[in-house]
Structure formats: structure tokens, C-alpha cells
Amino acid sequence: MAQIPNLDNAPLNLTSLREQSQKELLNILKNFRGKKCLVLDPKLAGSLSLVVPTSVLKEQGVELRHLSTEPVQTECTRIIYLVRSHLSFMKLISSHIQHDISKGLQREYSVYFAPRRTVACEKEFQVDGDASTLWHIAKAIHKLEFSFGLIPNVRAKGRASVRVADLLSHMQGEEPVNSSDMGAAEINTLILLDREVDMVTPMCSQLTYEGLLDEFLRINNGSVELDASIMGVQQEGKKVKVPLNSSDKLFKETRDLNFEVVVQVLRQKATSMKQDYTEMTTTSQTVSELKDFVKKLNSLPEMTRHINLAQHLSTFTSKPSFLGQLDIEHTIVEGQSYDICFEYIEELIHKQEPIINVLRLLVLFSITNSGLPKKNYDYFRRELLHSYGFEHMATLNNLEKAGLFKKQDTKTNWPTIKRALQLIVDDTDTANPNDIAYVFSGYAPLSIRLIQHAVRSGWRPIEEILKLLPGPHLESKRGGYSSSSIDAIPSTLGNVDKVAHGQRSLVLVVFIGGVTFAEISALRFLSSQEGMAYDLIIGTTKMVNGHSLVETFLGNLG
């Protein structure tokens with residue numbers, strides 16, 4: 001199974017960046033002669049495999065280990081740690097060194113840090129206001145500009161996004177990308193979107209194939225890990241890792257589809273293969289027909305893999321509890337029958353359902369209604385602590401500091417936003433979609449509607465709606481003219497849909513604080529529509545869903 005995504009058909013030559021990263025890492029490793037042991041932060045391990053194949057590391061005399069509480073078991077005398085800059089990792093590394101000293105082991109130690117990924121919607125920014133990691137985001141974009149030219153148009157929404165845009169301007173002033181030397185910029189527009197601008201979308205259950213895989217199986221670095229028996233491998237207690245990227249042709253075809261449609265597609269393909277097999281065994285075939293049949297058989301492992309995955313997902317999606325949660329999510333987003341919503345949430349608490357499921361719905365209600373009515377807020381706060389333990393006092397305080405669970409203090413803007421941006425689409429056709437709302441079976445992600453407007457006509461036509469959403473917004477022209485105020489920008493900022501020399505424009509969309517797989521599916525859908533004259537490249541600080549976002553607020557984080 002292919003582990004590394006193929007970048008050959010990417011609208012931007014990202015292969016060069018992968019090769020550059022590989023060269024930088026190998027240069028670090030070459031500084032250490034002889035055999036060495038590379039100890040990886042587990043969260044970075046998958047990303048490393050995309051940059052440097054294991055076979056290349058072995059050629060450099062590198063042994064791979066994952067960072068854990070256990071001492072490093074190796075004969076190597078040179079230990080190189082590659083980790084994110086978390087205090088807990090420093091304590092682990094220190095304990096490793098102390099263990100080696102106690103055993104009389106003579107080793108050399110080196111530590112390399114990768115920029116932190118816990119930004120924006122995670123604890124540091126939302127709860128404690130630590131914006132230091134935003135510099136890393138701006139630096140990454142500026143580095144991209146040195147390869148592909150200065151991005152002339154920037155549109156940003158949200159506190160963190162506007163801060164990154166400002167940092168980019170400062171970096172360009174201090175270390176300019178010379179547009180005249182590089183010719184026309186390959187990226188026409190940069191859109192920076194803060195997760196806090198749209199916390200509604202991740203709190204809703206994703207209904208695309210890839211989105212559901214993440215909801216229930218947690219996609220980590222482009223793969224899911226699950227019991228071998230689920231994948232038809234009879235090995236008791238063994239786990240298997242299933243890679244999920246576009247190198248798998250069937251996954252590429254189905255990843256963005258609503259899950260209902262995926263089941264139909266797999267059924268049709270299986271039926272077609274069965275019919276072909278029947279014809280092969282009952283009629284005479286030409287050599288050419290035999291060749292075609294054998295080609296189809298090559299796709300059988302992919303078919304088997306995704307039928308097993310879809311069958312496993314169905315055990316979750318067919319449960320009354322999941323279907324009930326979907327109904328309540330839609331009821332909250334549509335702004336109807338609040339009493340029914342509160343009764344449902346109360347029932348979840350009394351049944352001791354996982355606290356994450358309860359908090360997702362309470363956060364969803366709080367965001368769309370500018371908080372909970374005081375009596376409901378007090379009631380649910382009390383019931384949550386009684387049912388799940390008073391240690392969750394910190395959880396509720398963190399959510400309140402982030403504005404995700406609070407008392408209703410102002411009139412909600414959600415009905416106006418929902419209506420103006422057409423976020424609710426009735427009679428959504430999931431099989432033959434004509435709107436991004438298919439990814440949530442009727443709800444169009446707010447974040448993607450904003451991007452839709454940004455690439456078509458800029459944000460000026462919806463400026464009044466932008467003011468109703470959290471954080472400031474910015475729209476600027478760079479390369480001889482820039483500004484931090486949208487009011488100072490001429491209305492002729494330019495439509496990204498306009499095609500220069502018959503080529504599609506390229507838009508870089510960066511989600512600060514994370515993006516869901518369903519949102520990415522919606523962006524792919526937009527880019528594939530007839531008449532759309534732009535390609536999209538998506539960058540993010542992290543892949544998230546409602547579960548992982550709420551999880552960052554659990555426990556004593558404040």
C-alpha cells in the first residue's frame with residue numbers, strides 16, 4: 001500500500017518543497033558521523049515518512065525510535081531527538097539522559113525542535129492568549145513566497161489571521177521577496193481564516209467518507225490504525241495501519257463523497273466485478289478482454305480494503321445514538337425547537353454518555369445563540385459537574401474563557417449570518433451535489449462560504465456580515481501597495497476567477513487553528529465546478545474535528 005501521497009499533479013510544484021525538507025534533514029543527520037539513533041516525537045513520525053523514506057534513513061546509518069517514557073534501547077552512542085517544543089518532552093528527554101548516566105552509558109545527545117502545532121483553537125491561544133506560534137505560520141508562508149513569488153492579494157479574517165498577515169508584511173520589509181527577479185507570482189491570493197471565526201462547522205458531525213473515518217477512527221498522519229480482524233486479517237490482537245491518500249485510486253474517488261453515496265459506489269463496483277467474473281467463466285473471451293479483466297482484478301485489494309472500512313463505519317453510523325445526534329445538530333444549526341435540544345442534552349448527561357458528545361452539543365448551541373439562557377447555563381453546569389466529576393470545573397472554565405460555553409449576553413447574529421450566506425440548503429442532493437452543503441447533508445460550512453466569496457469577488461460585498469463574525473478582517477494588495485485596512489483598498493482588488501493567459505489562478509487557503517476533512521472536501525468540490533477558474537491549495541496548523549477540539553479544553557489546562 002502506498003504510504004506517500006503523489007504530488008505529481010499538484011497545481012503548485014510542492015515536490016520541490018518535499019525535496020528541500022529532505023535535504024535539510026539529511027544535512028542535519030550527516031553532521032553526525034557513523035551510526036546514530038533518531039528519536040521522534042510520535043506526532044511527527046508520519047510527517048517525517050512523507051519527507052524521507054525509511055530506506056533513505058537506513059542508508060545514512062540511522063535507527064528510528066519513537067519518544068516514550070521508556071529509555072532508548074540502542075547500541076548507538078549518538079542520540080538525536082526531533083520533537084515539538086513541549087515541556088513534557090523535555091522532561092522525558094531529561095529522564096532518558098539521567099537513566100543512561102545511572103547505567104554508565106557514554107552517549108552524545110542532540111535535540112532539534114519542530115515548530116509547535118498547538119495554535120489558535122487549542123489551549124495556548126484561545127485560553128491563555130499565547131500567540132507566539134503565529135510567527136511560525138507567517139514564516140512558513142514567507143518561505144513559500146521565496147520559492148513561488150510574492151503573493152499579491154491577502155484576505156484575512158479573525159484575530160490570529162490578521163496578526164499573521166501583519167507579521168508577513170514585517171517579514172517582507174525585513175527580508176523582501178524580490179518580485180522583479182522571480183516574475184509573476186504563482187500564487188494569486190492568500191486567504192487566512194481563523195478557526196474561531198467558525199466554530200460551528202467542526203462541532204457538527206462530518207458526513208463525508210474521509211470525515212467520518214476521522215470522526216470514528218481518528219486519521220493520524222494520513223492513516224488509521226485498527227484491529228486486523230476488521231480488515232479481514234485473522235491475527236488476534238494485532239493492529240494494522242491503513243494509509244489514506246490519493247495514491248489509493250478508489251479512496252481518491254470516494255474520499256469527498258457523502259458516506260451514503262460511498263456505500264452505493266462500492267456496491268456498484270462489486271456488482272460490476274461479479275458480472276465480469278460470471279461472463280469470464282461462461283463465455284469465450286478475446287485476449288484483449290482477458291487483459292481488461294485482469295486490470296480490474298488489480299483494483300481488488302483496494303475494493304476489499306474500503307468495503308471493510310465502510311462496513312466498520314456502518315456499525316457507528318447506523319446506531320440510533322448517532323442518528324439522534326445528527327438530528328439535534330441540524331435542529332440547533334437551523335435555530336428551531338430549543339426545548340427539544342435541551343431535553344436531548346439532559347438525557348445524554350443522565351445516561352452518562354461521553355462528556356465530549358455532551359460538550360460538542362452545548363458548544364454548538366452556545367455559539368449559534370451567543371450563549372445559553374442563564375437558567376439553562378446554571379443547570380447544565382451543575383449537572384455536568386455532578387455527573388462527570390468536579391475535576392471538570394477546569395474544563396468548563398476553559399471553555400468559558402474561550403467563549404465556547406457561556407451565559408447568553410447579547411442577541412444572536414446567527415439567524416442573520418445563516419440567511420445572508422445561505423448556510424441551510426433544503427433538499428440537498430448528496431448523490432449529485434450542486435452545493436457544498438452536501439458534506440453535512442444540508443448545512444453549508446460557514447468557513448467555506450466565506451472562502452467562496454473571497455475567491456469570487458473579495459469580501460467587500462459581504463463586509464457587513466463579516467463584522468458580525470468574531471475578530472477583525474483585512475483585505476490588502478501587496479507588491480508596491482499594501483494596507484491593513486479594508487476601507488483603504490480600492491474596490492477593484494480583483495476577482496480571482498479571472499484567468500490570466502488562459503490559466504487557472506492559484507489560491508492558498510490557510511486555516512489557523514485547524515480544519516476538518518469535510519471542509520477540505522467542500523473546497524475540492526468548489527474547485528472542480530465548471531466555470532471555476534481557480535485551483536486551491538490548502539494549508540493548516542492541524543487536522544481537527546469537534547472531538548479533538550473539545551478535548552483540548554478537558555482537564556486542568558487553565
Side-chain angles (χ1 to χ4, degrees), residues 116-141 151 153-170 189-203 363-364 366-368 370 399 401-404 406 413-414 416-417 420-421 423 445-455 458-460 462-476 483-487 489 507-516 519-520 522-523 536 538-544 546 549 552-553:
R116 291 179 299 180
R117 299 193 301 171
T118 52
V119 297
C121 279
E122 297 193 53
K123 195 263 294 183
E124 288 95 333
F125 190 79
Q126 280 288 78
V127 178
D128 293 336
D130 177 7
S132 60
T133 47
L134 299 181
W135 182 88
H136 291 295
I137 302 169
K139 188 67 176 176
I141 296 170
I151 304 171
N153 301 303
V154 177
R155 289 159 189 158
K157 174 61 181 173
R159 291 180 299 158
S161 295
V162 169
R163 178 73 184 277
V164 168
D166 288 341
L167 285 169
L168 263 179
S169 296
H170 286 301
T189 300
L190 168 66
I191 299 173
L192 295 159
L193 195 62
D194 215 322
R195 184 73 273 170
E196 73 166 356
V197 173
D198 173 21
M199 286 294 285
V200 171
T201 296
M203 293 304 145
V363 167
L364 183 60
S366 188
I367 297 166
T368 53
S370 293
L399 287 168
K401 284 171 73 175
L404 301 178
K406 61 178 185 175
N413 295 318
W414 181 249
T416 305
I417 295 166
L421 296 178
L423 300 184
L446 167 60
S447 56
I448 311 304
R449 278 284 192 253
L450 294 178
I451 293 166
Q452 210 172 359
H453 281 279
V455 295
W459 277 337
R460 187 174 292 276
I462 59 164
E463 188 175 357
E464 294 307 310
I465 298 300
L466 286 175
K467 290 177 181 177
L468 300 179
L469 294 167
H473 56 278
L474 169 152
E475 190 162 4
S476 66
S483 170
S484 60
S485 169
I486 192 171
D487 296 321
I489 305 302
V507 178
L508 173 62
V509 181
V510 177
F511 290 86
I512 300 174
V515 65
T516 65
E519 287 171 301
I520 291 177
L523 286 174
L536 298 171
I538 303 161
T540 185
T541 55
K542 193 174 185 180
M543 296 305 306
V544 297
L549 278 177
T552 61
F553 296 96

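In what follows, every heavy atom counts, from backbone to side chain, and hydrogens, waters and symmetry copies are set aside.
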Note to self: Looking at R155 and A454, would you say the former's side chain and the latter's main chain have a donor-acceptor pair under 3.5 Å?
What the structure shows: yes

Next item on the list: Report the distance from atom CZ of F511 to atom CD1 of I191, rounding to the nearest 0.5 Å.
Entry: 9.0 Å

Notebook entry, point to check: Any donor-acceptor pair under 3.5 Å linking the side chain of D194 with the backbone of A160?
Noted result: yes

Next item on the list: First locate atom CG of L466, then atom CG of L474, and finally report the distance between them rounded to the nearest 0.5 Å.
Entry: 11.5 Å

Checklist line | Residues T201, D198; criterion side-chain hydrogen bond (donor to acceptor under 3.5 Å, both in side chains); working and verdict | finding: CA-CA 6 Å; T201 296; D198 173 21; 2.6 Å; yes

Next item on the list: Show the numbers, then the answer: is there a side chain to side chain contact (heavy atoms under 4.5 Å, CB included) between V507 and I451?
Entry: CA-CA 10 Å; V507 178; I451 293 166; 5.9 Å; no

Notebook entry, point to check: Is the shortest heavy-atom distance from the side chain of T368 to the side chain of V200 under 4.5 Å?
Noted result: yes

Checklist line | Sole residue of V510, L192, V197 in side-chain contact (heavy atoms from CB on, under 4.5 Å) with S161 | finding: L192

Notebook entry, point to check: Does the side chain of L421 come within less than 4.5 Å of Q452's, by heavy atoms?
Noted result: no

Notebook entry, point to check: Do V455 and T189 come within less than 4.5 Å of each other through their side chains, counting heavy atoms only?
Noted result: no

Checklist line | Spacing of CD belonging to E519 relative to CG belonging to L193, to within rounding of 0.5 Å | finding: 8.0 Å

Next item on the list: Say whether, by atom type as modelled, one donor and one acceptor occur between the side chain of T540 and the main chain of M543 under 3.5 angstrom.
Entry: no

Notebook entry, point to check: Are side-chain heavy atoms of L423 and W414 found at a separation under 4.5 Å?
Noted result: yes

Next item on the list: Supply the atom-to-atom distance K467 NZ to I462 CD1, rounded to the nearest 0.5 angstrom.
Entry: 12.5 Å

Item checked: Side-chain ion pair, E196 and R159, N-O less than 4.0 Å -> yes

Note to self: Is it the case that the side chain of T541 and the backbone of G514 share a donor-acceptor pair, with hydrogens and angles ignored and the cut-off at 3.5 Å?
What the structure shows: yes

Next item on the list: Enter the distance from H473:NE2 to L450:CG here, rounded to the nearest 0.5 Å.
Entry: 11.0 Å

Check: Got a donor-acceptor contact below 3.5 angstrom from the S370 side chain to the S366 backbone?
Finding: no

Check: Roughly how far apart are I538 CD1 and L523 CG, rounded to 0.5 Å?
Finding: 4.5 Å

Check: Hey, mind stepping through L404 and M199 against side chain to side chain contact (heavy atoms under 4.5 Å, CB included) and telling me if it holds?
Finding: CA-CA 8 Å; L404 301 178; M199 286 294 285; 3.8 Å; yes

Checklist line | Flag, side chain of K157 to backbone of G471, donor-acceptor distance under 3.5 Å | finding: yes

